[in-house]
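Here the structure is a predicted model, which means the values were calculated and not measured.
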Amino acid sequence: HVAASSSGDTIWVAAGTYTGAGNKNINVTVNLVIFGEQGPELTVLDAQGSGTILTINNGSTIISTIVSGFTFRGANTTAMVVTNSSPLITWCIFADNSGGTGGGFFGNGFGGAITGCTFTGNTAVASGGFTGDGGAIHLANSNSLISDVIVRGNTAGDDGGGIYLRGGNNVVSGCLVAGNTALDGGGIGHGGVATSSIFQCTVASTTAPLEARRINVDEAASSVSVICSGLDVTATGTGVTNVIDNVTVDPVLCQALACGKSTGGNYTLTANSPVRNPNNCGDFMGYTDANCSLVAVAPTTWGRIKAGNR
């Protein structure tokens with residue numbers, strides 16, 4: 001369907017698990033709206049351990065495609081690759097993918113947004129000239145938004161077990177980054193001269209044996225702000241220039257996820273948490289409220305997303 005489409009077309013994909021040559025290494029070169037009809041749990045693109053699933057790149061024109069309602073699974077050269085384009089990636093699941101630069105998603109010159117997605121069990125592998133940065137997401141020279149995203153149980157061979165930002169100017173907002181593993185920067189890593197704002201996020205339960213940092217910044221010339229976020233350690237690394245109203249004491253979570261685990265865990269606050277209503281952030285510290293209910297991310301429904309694009 002994609003190859004035969006014209007700019008402005010909307011493609012609705014029926015529920016099912018799609019495998020084989022026609023359902024991977026798909027190249028989007030025009031502006032499209034691509035929806036999984038029944039949402040990501042029921043609409044699965046499975047590369048079965050070979051290739052990339054979706055590439056968005058025209059080569060000369062910025063593409064502003066919308067992709068929503070899919071699970072991307074089993075890619076071994078990164079599930080989705082975006083180059084010099086500004087798509088909206090929303091309400092998707094990236095699971096059990098691998099690649100040299102970001103197991104789930106790699107963007108170079110990415111000017112769009114990733115919202116309401118879940119990344120779990122993805123791996124950035126250091127091999128073939130790739131450093132293995134960004135277990136789930138690797139953005140290079142990008143100016144993007146990552147919001148209301150769950151990044152859990154991903155692994156990087158080097159930096160950024162969950163997310164790696166190299167250069168550019170990016171905003172990470174309202175995200176849960178937990179249970180990820182890397183050599184350095186277990187949660188969010190930065191390379192090159194990066195500018196980023198991390199706002200109302202939880203970055204916790206990470207493993208980084210080289211330097212135990214939830215958020216790592218290698219370049220002193222970088223400018224990284226961490227605001228109203230929950231960090232269960234204080235170490236953030238060189239280049240974090242603006243740290244405001246964060247939590248670095250034990251927040252007393254209901255059930256923190258064990259490192260390397262992609263399922264389970266509960267990151268809501270207990271009723272006796274010492275970090276409720278701190279400073280100027282109110283309850284919005286990257287944690288959900290004190291009721292030990294499931295984590296609430298991306299407060300919308302699949303039906304509402306579909307209805308808005310019919």
Any idea which heavy atoms bring [X] and [Y] closest together, and the distance?
X	Y	result
Ser142	Phe110	OG-N, 3.0 Å
Ala15	Gln38	CB-CG, 3.6 Å
Trp12	Glu37	CE3-OE1, 3.1 Å

> What class does the angle between the rings of Phe72 and Phe94 fall in, given that below 30° is parallel, 30 to 60° is tilted and above 60° is perpendicular?
Replying inline: parallel

>> Here's a test for you: under side chain to side chain donor-acceptor pair (under 3.5 Å), which of Thr155, Asn154, Thr120, Asn122 qualifies with Asn180?
In response: Asn154

Can you find a side-chain donor-acceptor pair between [X] and [Y] that sits under 3.5 Å?
X	Y	result
Ser98	Asn76	no
Thr77	Thr52	yes
Asp133	Thr131	yes
Thr115	Thr90	yes

>> Hydrophobic cluster membership, with links at side-chain heavy-atom distances under 4.5 Å among I/L/V/M/F/W/Y: are Leu32 and Phe105 in one?
In response: yes

> Is a side-chain N or O of Ser196 found less than 3.5 angstrom from the main chain of Val224, in a donor-acceptor match?
Replying inline: no

> Do any N or O atoms from the side chain of Ser85 and from the backbone of Asn57 form a donor-acceptor pair under 3.5 angstrom?
Replying inline: no

> Heavy-atom count around Ile11 CD1 within 6.0 Å, excluding the residue itself: above 12?
Replying inline: yes

> Does the side chain of Tyr164 reach to within under 4.5 Å of the side chain of Asp158, using non-hydrogen atoms?
Replying inline: no

>> Less than 4.0 angstrom from a charged side-chain N to a carboxylate O is my criterion; do Asp46 and Arg73 meet it?
In response: yes

